[in-house]
Amino acid sequence: MTGNNLAIIILAAGQGTRMRSRLPKVLHQIGGRPLVGHVLTTAGRLEAEHVEVVVRHERDQVVAALEKDYPAAVFIDQDEVPGTGRAVQVAVDALPADFDGDVLVLSGDCPLADADTLRSFLDAHRAAEAEATLMTAVVDDPTGYGRVIRDADGGVDRVVEQKDATADEAAVSEINAGMYVFRVATLRKYLPSVGVDNAQGEMYLTDVPGLLRRDGSRVAASVVSDVTVTYGVNDRAQLAEVGRLLNRRIVRRWQLEGVTVIDPATTWIDDDATLAPDVTILPNTHILRATTIAEGAIIGPDTTLVDCEVGADAIVRRTDATLAVIGAEATVGPFSFLRPGTVLGARGKIGAYVETKNAEIGEGSKVPHLSYVGDATIGRGVNLGASTITANYDDVNKHRTVVEDEVHTGSHTTLVAPVRLGAGAKTGAGAVVRKDVPAGSLAMSVAPQRNIEGWVEKNRAGTGAADAAARTRVAE
Ligand code: UD1
Ligand code: CA
């Protein structure tokens with residue numbers, strides 16, 4: 001266990017100019033959380049004594065986005081001195097003076113380094129008894145990264161930033177991943193000697209390994225075999241690529257837990273979602289935020305669920321739902337829109353072109369076609385006829401509709417809220433229900449039908465309708 005004697009410093013003070021965004025880079029999201037949120041989640045798994053996030057650019061926005069979800073993190077403000085070396089220095093200065101352990105430095109823009117990778121990295125550092133250990137990777141295209149320069153014995157000599165590299169140094173394909181472990185005493189000793197005499201005029205954290213070597217101290221390197229764990233986000237193309245890699249990892253995790261995912265490339269599952277064994281996900285489906293899906297449910301195709309709870313063996317197809325609860329064995333879709341507060345009971349049905357909001361729909365009740373059900377409590381065994389609409393809004397306030405057990409409404413019923421339909425009541429087709437309906441009553445509001453015979457031939461002579469009517473009359 002890595003637990004004790006460990007501090008984690010997450011660098012998140014930079015602007016992220018290459019994102020060309022109003023939003024600070026580290027707050028851009030993949031897998032349902034900000035980039036730096038993934039780093040904080042992973043940091044949480046390492047059970048460090050201290051977790052510090054260094055902020056500066058849009059610091060209030062960054063802190064506000066994180067403090068609720070990561071209460072253990074301490075936010076440290078970087079001053080006007082730029083560079084990763086300064087960022088680490090202010091964070092080290094904020095650690096208790098008696099902290100004497102290791103410091104794991106991570107970047108807020110590198111979200112793919114998982115806890116297992118970081119644990120092995122820490123173990124490698126401790127086994128090597130080095131002053132510092134760098135995570136490195138050998139890549140096809142090292143552009144943009146610091147290069148790891150080795151000495152004649154193959155040990156780490158120093159790191160050179162791309163902008164300061166000679167042509168020979170730039171040709172090196174081993175890169176600095178931007179993740180490090182240092183003994184805290186090493187940082188306290190060497191950071192004050194790091195200057196800003198370089199191409200970017202910044203205090204480079206990457207100067208520390210070279211300074212250590214000048215003093216004859218040991219710097220270790222831990223070369224990762226899966227280079228994707230080192231991928232950082234500097235622009236929007238990398239944001240999409242890193243997001244895709246994270247998603248692939250999440251999908252694979254659920255597949256190994258017994259979830260059938262027909263098309264991983266078009267299935268997007270957020271990190272916070274939970275899926276049970278024998279769930280089936282059909283193509284083009286987004287399972288977002290804290291959605292949970294119980295055993296045997298079939299979701300998709302073309303479905304988006306945000307913060308939803310889906311019961312066992314439910315079927316949800318071509319549906320858009322947010323903050324909705326779908327009961328066991330219920331069916332939803334196609335083309336259904338479930339807004340927040342929808343609760344569909346077990347074996348219930350919400351069908352084609354139905355929108356629901358703040359609506360509790362009881363066990364076995366059906367809203368099969370073309371309806372709007374908002375601010376309503378619907379009992380058990382209810383059937384709302386096609387195009388039944390709750391008129392819940394009087395232009396000023398929202399009102400509730402209550403439909404008790406076993407009510408059946410006729411097609412095109414309008415329920416003008418506030419209104420209550422008693423148990424077992426029925427409505428005629430086209431009814432506009434403005435008054436409560438007592439249990440067991442039939443509510444009718446449409447005027448009796450009148451047929452005026454011969455009207456078409458008399459008033460629409462010469463039209464196709466009149467001719468057709470005439471032919472029918474002759475045939476009789
Ligand atoms: C850095 C490394 C480089 C490495 C690469 C790996 C340095 C000097 N260079 O370069 O060797 O290959 O990461 O991804 O460290 N930050 C601050 N304060 C600052 C500047 C940056 O907190 O003053 C934060 C940023 O928000 C970011 C991280 O540090 O999360 C890295 O900064 P960035 O500018 O992206 O460094 P790179 O150029 O990628
Ligand atoms: Ca970077």
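Just follow the structure's listing: the first ligand is 1, and inside any ligand the first atom is 1.
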What do you reckon, is OH of Tyr353 surrounded by more than 12 foreign heavy atoms closer than 6.0 Å? no
Please name the pair of heavy atoms, one in Cys308 and one in Leu323, separated by the smallest distance, quoted to 0.1 Å. SG-N, 3.9 Å
Do any N or O atoms from the side chain of Asp79 and from the backbone of Val81 form a donor-acceptor pair under 3.5 angstrom? yes
So does Val184 get a backbone contact from the side chain of Thr186, meaning a donor-acceptor N/O pair under 3.5 Å? no
Between Gly16 and Lys25, the two heavy atoms sitting closest are CA-CB, 3.9 Å
Pair Arg213 + Asp151, salt bridge at N-O below 4.0 Å: yes
Under a 3.5 Å threshold, I'd like every N/O contact between ligand 1 and protein atoms, with atom names and distance.
residue: ligand 1; atom: 9 (N); partner: Glu161; partner atom: OE1; Å: 2.9
residue: ligand 1; atom: 9 (N); partner: Glu161; partner atom: OE2; Å: 3.2
residue: ligand 1; atom: 11 (O); partner: Gly146; partner atom: N; Å: 3.4
residue: ligand 1; atom: 11 (O); partner: Glu161; partner atom: OE1; Å: 3.4
residue: ligand 1; atom: 11 (O); partner: Glu161; partner atom: OE2; Å: 2.7
residue: ligand 1; atom: 11 (O); partner: Asn176; partner atom: ND2; Å: 2.8
residue: ligand 1; atom: 12 (O); partner: Gly146; partner atom: N; Å: 2.8
residue: ligand 1; atom: 12 (O); partner: Asn176; partner atom: O; Å: 2.6
residue: ligand 1; atom: 15 (O); partner: Thr84; partner atom: OG1; Å: 2.7
residue: ligand 1; atom: 18 (N); partner: Gln78; partner atom: OE1; Å: 2.8
residue: ligand 1; atom: 22 (O); partner: Ala13; partner atom: N; Å: 3.0
residue: ligand 1; atom: 23 (O); partner: Gln78; partner atom: OE1; Å: 3.4
residue: ligand 1; atom: 23 (O); partner: Gln78; partner atom: NE2; Å: 3.0
residue: ligand 1; atom: 23 (O); partner: Gly83; partner atom: N; Å: 2.7
residue: ligand 1; atom: 23 (O); partner: Gly83; partner atom: O; Å: 3.3
residue: ligand 1; atom: 26 (O); partner: Ala13; partner atom: N; Å: 3.4
residue: ligand 1; atom: 26 (O); partner: Gly14; partner atom: N; Å: 2.8
residue: ligand 1; atom: 30 (O); partner: Leu11; partner atom: O; Å: 2.8
residue: ligand 1; atom: 35 (O); partner: Asp109; partner atom: OD2; Å: 3.4

Just say parallel, tilted or perpendicular for the rings of Trp268 and His286, cut-offs at 30° and 60°. parallel
Please answer whether the main-chain N or O of Arg20 pairs with a side-chain N or O of Arg236 as donor and acceptor at a distance below 3.5 Å. yes
Any Lys/Arg nitrogen of Asp271 or Arg289 sitting under 4.0 Å from an Asp/Glu carboxylate oxygen of the other? no
With 3.0 Å as the limit, count the protein N, O or S atoms near the Ca ion (ligand 2). 2
